Amino acid sequence: DTEVTQTPKHLVMGMTNKKSLKCEQHMGHRAMYWYKQKAKKPPELMFVYSYEKLSINESVPSRFSPECPNSSLLNLHLHALQPEDSALYLCASSQDGARPTDTQYFGPGTRLTVL
Amino acid sequence: AQKITQTQPGMFVQEKEAVTLDCTYDTSDPSYGLFWYKQPSSGEMIFLIYQGSYDQQNATEGRYSLNFQKARKSANLVISASQLGDSAMYFCAMRGMFSGGYNKLIFGAGTRLAVHP
């Protein structure tokens, strides 16, 4: 089973709102990722968690706050976003992120619109 | 610097025919992985196929095969017997010991494939 689930599928929020994106996997993977994808562009890495510790932050603004409560869950907390943050947010997981063979499996994404 | 190049923004193919999507890469690392993903309009990134830098044989997964030419630094995806459901964006990606370690997957710009009946 190579399923990564994400909720919600769609989210519309105002610039003063606080919301969270959720990601879950039950493959026993120990590395989890958040990507941001704008239309007609490839995904851009935002954060990487390895063994529940934040290992990579690609200089993401602080209005995005990741959280990894346990090895199966990954959250992305959103606060005071800007309209340019509207995008598809993809979550992925992989076995442990330590080898070049480590395949990342993606969830269906959350389409975020910031008004 | 590590880089993935997909030079075909769009391709079309007749149903049941084969199509090749091009991908070239640049890296100085000896150990790396090459991946192809499919992204339909629904948005999900679907893993298709993987090739390791030390693999001697080209990878195959069902109708997908990866034409790996290490000396030319190319990793083209071949889809045989195209189906209407193959219409999607296809991304070539590379993973290796870049800044941040193996965790970082870098993507090409993508190729949009349209399969015509």
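Values in this document were obtained by computation on a predicted structure and should not be read as measured data. Chain letters run A, B, ... following the sequence lines, proteins first, then strands; residues in each count from 1.
B:V13 and B:Y64 fall within a single hydrophobic cluster, where Ile, Leu, Val, Met, Phe, Trp and Tyr are joined by side-chain heavy atoms under 4.5 Å apart, directly or via other members. No continuous path of hydrophobic side-chain contacts links B:M89 to B:I46 [ILVMFWY only; heavy atoms under 4.5 Å]. In terms of hydrophobic clustering, with Ile, Leu, Val, Met, Phe, Trp and Tyr side chains grouped at heavy-atom distances under 4.5 Å, A:V60 and A:M13 are assigned to a common cluster. Follow the hydrophobic side-chain contacts under 4.5 Å out from B:V78 and you never reach B:L66; the two are in separate clusters. No chain of hydrophobic side-chain contacts below 4.5 Å, direct or via other Ile, Leu, Val, Met, Phe, Trp or Tyr residues, connects B:I79 to B:F12.
For A:Y51, the OH atom sits in a packed shell: over 12 heavy atoms of surrounding residues, nucleotides or ligands are nearer than 6.0 Å. Counting non-hydrogen atoms of neighbouring residues, nucleotides and ligands closer than 6.0 angstrom, the NZ atom of A:K38 exceeds 12 such neighbours. For B:K16, the NZ atom sits in a loose shell: 12 or fewer heavy atoms of surrounding residues, nucleotides or ligands are nearer than 6.0 Å. Open room surrounds CD on B:Q56; 12 or fewer heavy atoms of other groups in view lie less than 6.0 Å from it. Around the NZ atom of A:K19, the shell of radius 6.0 Å holds no more than 12 heavy atoms that belong to other residues, nucleotides or ligands.
A:R111 contributes atom CZ, which lies 7.5 Å from atom OG of B:S42 (distance to the nearest 0.5 angstrom). Here the CD1 atom belonging to B:I49 is positioned 11.0 Å from the OG1 atom belonging to A:T103, to the nearest 0.5 angstrom. If you take OH on A:Y105 and OH on B:Y37, they are separated by 7.5 Å, rounding to the nearest 0.5 Å.
Only the side chain of B:Q39 comes within contact range of chain A, with at least one heavy atom under 4.5 Å from a heavy atom of that chain. Interface residue A:Q37: only side-chain heavy atoms are found under 4.5 Å from chain B.
The minimum heavy-atom distance linking A:P43 with B:F107 is given by the pair O-CD1, 3.8 Å. Among all heavy-atom pairs drawn from B:Y50 and A:T101, the shortest one is OH-CG2, 2.7 Å.
Contacts between residues 71-90 of chain A and chain B, counted as heavy-atom pairs separated by less than 4.5 Å, involve A:L88, A:L90. Residues of residues 108-117 of chain B having a heavy atom under 4.5 Å from any heavy atom of chain A, listed by number: B:G108, B:A109.
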Item to check | Test log, rule side-chain contact (heavy atoms from CB on, under 4.5 Å), inputs B:L105 and A:Y35 | outcome: CA-CA 11 Å; B:L105 190 64; A:Y35 287 85; 3.7 Å; yes
Checklist entry - Could you go step by step and tell me if B:R95 and A:S94 meet the side-chain contact (heavy atoms from CB on, under 4.5 Å) rule? => result CA-CA 12 Å; B:R95 181 172 186 150; A:S94 68; 4.2 Å; yes
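Annotation: B:F47 is not in aromatic contact with A:F106 [ring centroid separation under 6.0 Å not met].
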